[in-house]
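Below is one structure, written out as structure tokens; comments come after it.
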Amino acid sequence: MLTDRLRAGALEVAEHCATPFYLFDLEALGEGYREMERVWRREFERLTVAYSYKSNPLAAVTRRLAALGGSAEVVSGAELSLALSDGFAPGRIVFDGPVKSPAELALAAGLGVPVQVDSLAELDALLALPDGAPPVGLRLATRGAGGEWSRFGLLPAEVARARELLRRAGLPVWGVHVGVGTLSGPEAYREALVFWAEVLRELAKEAEDRLTVDVGGGFPPHGVPGLGWELYAAAVASGCRQAGPGPDGVDLLIEPGRSMVEAHGALVCRVAVRKARDGRDTLVLDGGTNLARTVKSRPHPIEFPASPTDGAGRYRLLGANCYEGDVFADDIAGPAGVGPGDLVVIGGCGAYDMPFAHVWVRTRPPVYALDGEGWTVVREPGDTIR
Ligand SMILES: Cc1ncc(COP(=O)(O)O)c(C=O)c1O
């Protein structure tokens with residue numbers, strides 16, 4: 001279901017602006033951030049919430065989170081530069097990701113931005129920097145549900161080697177990253193911490209100040225019933241207790257992306273054409289699935305906001321692109337008699353869909369934001385198709 005604010009906001013903005021456009025609820029972003037912080041702080045007194053830029057780097061979003069006191073998780077030099085320009089001080093940024101170029105490592109080192117090392121080769125490159133290394137974290141590999149190792153991070157023997165190299169260089173381990181796959185559920189976080197218990201205990205003892213334990217992102221979108229923040233905070237606290245240092249013995253860092261933004265963004269289109277095909281009512285929208293690329297892999301609420309509760313009709317919903325597979329939904333309920341000009345809102349587009357969207361045939365849609373009682377333009381429409 002869409003929120004009432006997104007539904008009403010779509011109707012209001014569409015009275016003044018052409019479709020398709022994205023709509024993002026900044027007010028809900030702030031409320032969600034504060035609630036998440038409050039819940040995690042019950043378990044972890046020292047908490048850093050580093051928003052994962054890759055999930056949606058829209059300036060209105062990142063600057064709002066900077067103003068709310070958040071931190072930033074970046075995975076490239078380009079994201080690092082954006083975070084700095086958005087107002088995150090270097091001490092409020094952490095640099096993650098599987099690949100970091102020598103220039104990116106040097107940039108982080110010059111600023112003192114902590115780097116989560118993903119491979120031994122990367123550690124070698126960091127230690128070879130002429131002006132010294134930044135704070136160094138070790139990304140510890142975790143296993144998937146089937147027992148297979150993740151492609152990310154260091155295996156146990158590599159962790160031992162990395163610690164040895166850092167000891168020889170006289171550098172402390174600033175922290176560890178124990179991230180599990182996206183949407184793995186609370187128990188996966190506890191299990192990953194317990195798996196690495198011995199390393200965590202030793203590093204917590206050796207740490208200059210307090211060991212930073214970063215459990216990454218991967219939490220479900222805001223509002224999924226039965227999967228609230230309480231479950232995740234409790235599982236991570238339990239993992240820290242079982243692993244040794246306990247919630248009071250670590251600086252906890254979380255890197256939420258999807259959970260912060262997915263539910264608060266929507267793509268707003270109008271029906272362009274209605275056709276009958278093989279006895280089915282088919283609606284062709286004025287925007288394509290290139291603007292909401294996860295529609296086939298993630299649940300997206302799709303509503304006709306003018307009459308959201310009237311389920312008298314059933315429709316196949318197609319995008320505006322010139323290929324058969326441009327399908328938003330194969331069979332959805334809607335009001336009877338939907339036709340050209342009627343609004344359709346595709347919810348759940350606030351994470352990944354917006355940055356993954358690609359320009360093709362038509363220019364990139366603008367983004368409008370609901371904020372306080374009104375709405376504003378937060379990203380102008382694109383002006384080219386190439
Ligand atoms: C290192 C890291 N942190 C955080 C995230 C954010 O994940 P999510 O959007 O699932 O919260 C990702 C996603 O790929 C990631 O790779």
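Just so you know, these numbers use all the heavy atoms, side chains as well, and skip hydrogens, waters and symmetry mates. Note that the structure is a prediction, hence the values are computed from the model and not measured. Counting starts at 1 for both ligands and their atoms, following the listed order.
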Q.
Please classify the Glu262 to ligand 1 contact at 4.0 Å (heavy-atom distances, strictly less than): side chain, backbone, both or neither.
A. neither
Q: Consider every N or O of Pro256 and every N or O of ligand 1, then say whether any pair is closer than 3.5 Å.
A: no
Q) Of all the atoms in ligand 1, which lie at a distance below 4.0 Å from a heavy atom belonging to Arg258? A) 8 (P), 9 (O), 11 (O)
(Q) Below a 4.0 angstrom heavy-atom separation, can you tell me which part of Gln116, side chain or backbone, both or neither, approaches ligand 1? (A) neither
Q: Could you tell me whether a side-chain N or O of Asp342 sits under 3.5 Å from a main-chain N or O of Gly339, the two making a donor and an acceptor?
A: yes
(Q) I'd like to know whether Trp196 forms a ring-ring contact (aromatic ring centres under 6.0 Å, His included) with Tyr189, so could you lay out the CA-CA distance, the side-chain angles of the two residues, the decisive distance to 0.1 Å, and finally the verdict. (A) CA-CA 11 Å; Trp196 286 102; Tyr189 294 83; over 10 Å; no
(Q) For ligand 1 and Thr182, I'd like to know whether there is a polar contact (N/O to N/O, distance under 3.5 Å). (A) yes
Q | Any Lys54 heavy atom less than 4.0 Å to ligand 1 | A | yes
(Q) Whether the Glu73 and Ser52 side chains hold a donor-acceptor pair (N or O, under 3.5 Å, no angle test) is what I'd like checked. (A) yes
Q) Within less than 4.0 angstrom of ligand 1, does Gly218 place any heavy atom? A) yes
(Q) For Pro245, is there any backbone N or O sitting under 3.5 Å from a side-chain donor or acceptor partner on Arg201? (A) no
Q) Identify the closest protein heavy atom to atom 3 (N) of ligand 1: which residue and atom is it, and at what distance? A) Glu255 OE1, 2.6 Å
Q) When you look at Cys269 and Ile346, which way does the side-chain contact (heavy atoms from CB on, under 4.5 Å) test go after all the steps? A) CA-CA 8 Å; Cys269 298; Ile346 295 116; 4.3 Å; yes
Q. Under 3.5 Å, is there a donor-acceptor pair between the side chain of Asn56 and the main chain of Gly350?
A. yes
Q. Is the closest heavy atom of Tyr352 to ligand 1 under 4.0 Å?
A. yes
Q.
Under 3.5 Å between any N/O of His177 and any N/O of ligand 1: does that happen in this structure?
A. no
Q: Give a yes or no on whether a salt bridge exists between Lys54 and Glu79, defined as a side-chain N under 4.0 angstrom from a carboxylate O.
A: no
Q) Of all the heavy atoms in Met260, does at least one lie under 4.0 Å from an atom in ligand 1? A) no
Q: Please assess Trp229 against Phe219 for the test ring-ring contact (aromatic ring centres under 6.0 Å, His included), listing each intermediate value before the final yes or no.
A: CA-CA 8 Å; Trp229 286 116; Phe219 312 108; 5.2 Å; yes
**Q.** Atoms of ligand 1 close to Arg139 [distance to a heavy atom under 4.0 angstrom, numbered from 1]
**A.** 1 (C)
Q) Among protein heavy atoms, which lies nearest atom 1 (C) of ligand 1, and at what distance? A) Asp96 OD2, 3.3 Å
**Q.** ring-ring contact (aromatic ring centres under 6.0 Å, His included) assessment of Tyr368 paired with Tyr22
**A.** CA-CA 6 Å; Tyr368 305 113; Tyr22 292 107; over 10 Å; no
**Q.** Ligand-residue contact atoms, ligand 1 with Glu73, heavy atoms, under 4.0 Å
**A.** 1 (C), 2 (C), 3 (N), 4 (C)
Q. Nearest protein heavy atom to atom 6 (C) of ligand 1, by residue and atom, and its distance?
A. Ser52 OG, 3.4 Å
Q: Please find out if less than 6.0 Å separates the ring center of Tyr315 from that of Phe328.
A: no
